[in-house]
Amino acid sequence: MPYAKGKDGTMLYYKDWGQGDPVVLLHGWPLTGDTFDDLAIKLVDAGKRCIIPDRRGFGRSDQPWTGYDYDTFADDVAAILEEADINQPVALVGFSMGGGEVARFLSKQGKGRVSAAVLASSVVPKVAQSDDWPDGVPQSKLDQITAEMKTDRAGFLKTFLHQFYGWGVLSRPVSEGVIDAGFHQAIQAGARPTYAAAEAWAMTDFRPDLPAFEGVPTLILHGTSDQNVPIEGTGRKVAEALPHATLIEYDGSPHGIFETDKERFCRDVTEFLTRETRGTSADTSASAIPLNS
């Protein structure tokens, strides 16, 4: 299994599937890169090379005590690209908290490193409510999530995943098997990474990162009934800030659109990346783009 080493020595697991234009798939909290297996198969079939990491603290990656901030997450992506010997621009697909990694990687590495960006149910530009961000999630709700996690992490994750997939008495858009698979992924993470990563996605303000998207083809996908990361304070705000971006709203869909709307999600991402990144895997050895440290 391929691993890369982060700046602090953390071993970072990733899958490397296919050949062609490189695409990095960045998963959400509290899951793993396995989130993207179905999408990755479609992308490989379309001629893409997919790099699919498990974020530090999650899945098969190491679980260090520190490093659960977006600067470090972006550096981890850079370390994986270096290990995978990818020097040309990459497309970045970020789901939920993974959208923050897309934004921070862009602002740290520069748009020359990125061929296209996809933000799916993303936490960008800001989750937490504040005086200058009234459409965010109230701090009282975020505090409640933290308290429930620390009281009964396994029980919280079970309940969380039902909301994540919009699963209720009258609506069951995914099977129990999908929820069980999500729980299996989530419980692999350590308690410390789970809590610290949640604080990172809830409290990080990505508004200063948005200018880095200028000129980068960007697709925004978001469910209108997302209760975890409401579209009003995230997807629609990004679309307002980035006039060149394309926003596709999934009417009535919850947070986990990669499962609840799997066929449409895979089609939207694959068509966008096929159109926007064709030919980026051409030989760039004469003008390889260095990764910023």
Between Tyr68 and Ala197, the two heavy atoms sitting closest are CB-N, 4.2 Å
Point-to-point distance, once rounded to the nearest 0.5 Å, from CG of Leu39 to SG of Cys266 | 5.0 Å
Compare all side-chain heavy atoms of Arg60 with those of Asp34 and state whether any distance is below 4.5 angstrom.
-> yes
Nearest 0.5 Å please: distance from the NZ atom of Lys237 over to the CD atom of Glu232.
-> 9.5 Å
Ile80 side, atom CD1; Lys5 side, atom NZ - distance, nearest 0.5 Å = 14.0 Å
Please report the C-alpha distance between Leu12 and Glu83 in whole Å, then the side-chain angles of each, then the deciding distance to 0.1 Å, and finally whether the side chain to side chain contact (heavy atoms under 4.5 Å, CB included) criterion is met.
-> CA-CA 10 Å; Leu12 306 163; Glu83 179 65 28; over 6 Å; no
Heavy-atom donor-acceptor pair, Glu101 side chain to Ala74 backbone, under 3.5 Å = no
Heavy-atom side-chain proximity of Phe265 to Tyr250 below 4.5 angstrom = yes
Candidate pair Ile86 and Ile51, rule side chain to side chain contact (heavy atoms under 4.5 Å, CB included), full reasoning | CA-CA 10 Å; Ile86 295 176; Ile51 304 298; 3.7 Å; yes
Under a 4.5 Å cut-off applied to non-hydrogen side-chain atoms, are Lys42 and Asp38 in contact?
-> no
Donor + acceptor pair across side chains of Glu249, Thr224 (<3.5 Å) | no
Just how far is it from atom CG of Asp135 to atom CD1 of Ile231, taken to the nearest 0.5 Å?
-> 11.5 Å
Looking only at heavy atoms, what is the nearest atom pair of Gly100 and Val123, with distance?
-> N-CG2, 4.1 Å
4.5 Å side-chain heavy-atom contact, Phe160 and Ile145 | no
Donor-acceptor pair, side chain of Ser225 and main chain of Pro254, under 3.5 angstrom = no
Are any of the side-chain heavy atoms of Thr234 and Ser122 separated by less than 4.5 Å?
-> no
Please tell me if the side chains of Arg56 and Asp8 come closer than 4.5 Å, counting only heavy atoms from C-beta onward.
-> yes
Is the backbone of Leu161 close enough, under 3.5 Å, to the side chain of Trp167 for a donor and an acceptor to pair up by distance?
-> no
Are side-chain heavy atoms of Asp54 and Gln188 found at a separation under 4.5 Å?
-> no
Would the number of heavy atoms belonging to other residues, nucleotides or ligands and lying under 6.0 Å from NE2 of His244 be above 12?
-> yes
For Lys111 and Glu214, indicate whether the former's side chain and the latter's backbone hold a donor-acceptor pair under 3.5 Å.
-> yes
Which heavy-atom pair separates Arg113 from Asn87 by the least distance, and what is that distance?
-> NH1-O, 3.0 Å
Considering only NZ, NE, NH1 and NH2 on the basic side and carboxylate oxygens on the acidic side, decide whether Asp209 and Arg104 come within less than 4.0 Å.
-> yes
Counting only N and O atoms by type, is there a donor-acceptor contact under 3.5 Å from the side chain of Thr204 to the main-chain atoms of Trp201?
-> no
Side chain proximity check, Thr159 to Phe156, heavy atoms < 4.5 angstrom | no
Do the side chain of Trp133 and the main chain of Val127 share a donor and acceptor less than 3.5 angstrom apart?
-> no
Non-hydrogen atoms of Pro64 and Thr10 that approach each other most closely | CG-OG1, 3.4 Å
Rounded to the nearest 0.5 Å, what's the gap from CG on Leu219 to CG on Leu273? Could you check?
-> 8.0 Å
Parallel, tilted or perpendicular: which describes the rings of Phe73 and Tyr70, with under 30° parallel and over 60° perpendicular?
-> perpendicular
One should read off an interatomic distance between Asp268 CG and Phe272 CZ, to the nearest 0.5 angstrom, of 10.5 Å
Minimum-distance pair of heavy atoms, taken over all atoms of Pro89 and Gly112 | CG-O, 3.4 Å
Applying side chain to side chain contact (heavy atoms under 4.5 Å, CB included), run through Leu119 and His222 and close with a yes or a no.
-> CA-CA 8 Å; Leu119 301 175; His222 216 115; over 6 Å; no
Is a donor on one side and an acceptor on the other found under 3.5 Å between the side chain of Asp62 and the backbone of Met11?
-> yes
Examine His255 together with Phe95 and report whether their ring centres are nearer than 6.0 Å.
-> yes
For atom CG of Asp132, is the number of surrounding heavy atoms from other residues, nucleotides or ligands below 6.0 Å larger than 12?
-> yes
Can you tell me if CD on Gln19 sees more than 12 non-hydrogen neighbours from other groups inside 6.0 Å?
-> no
Val124 and Ala103 have their tightest heavy-atom pair at CG2-CB, 4.1 Å
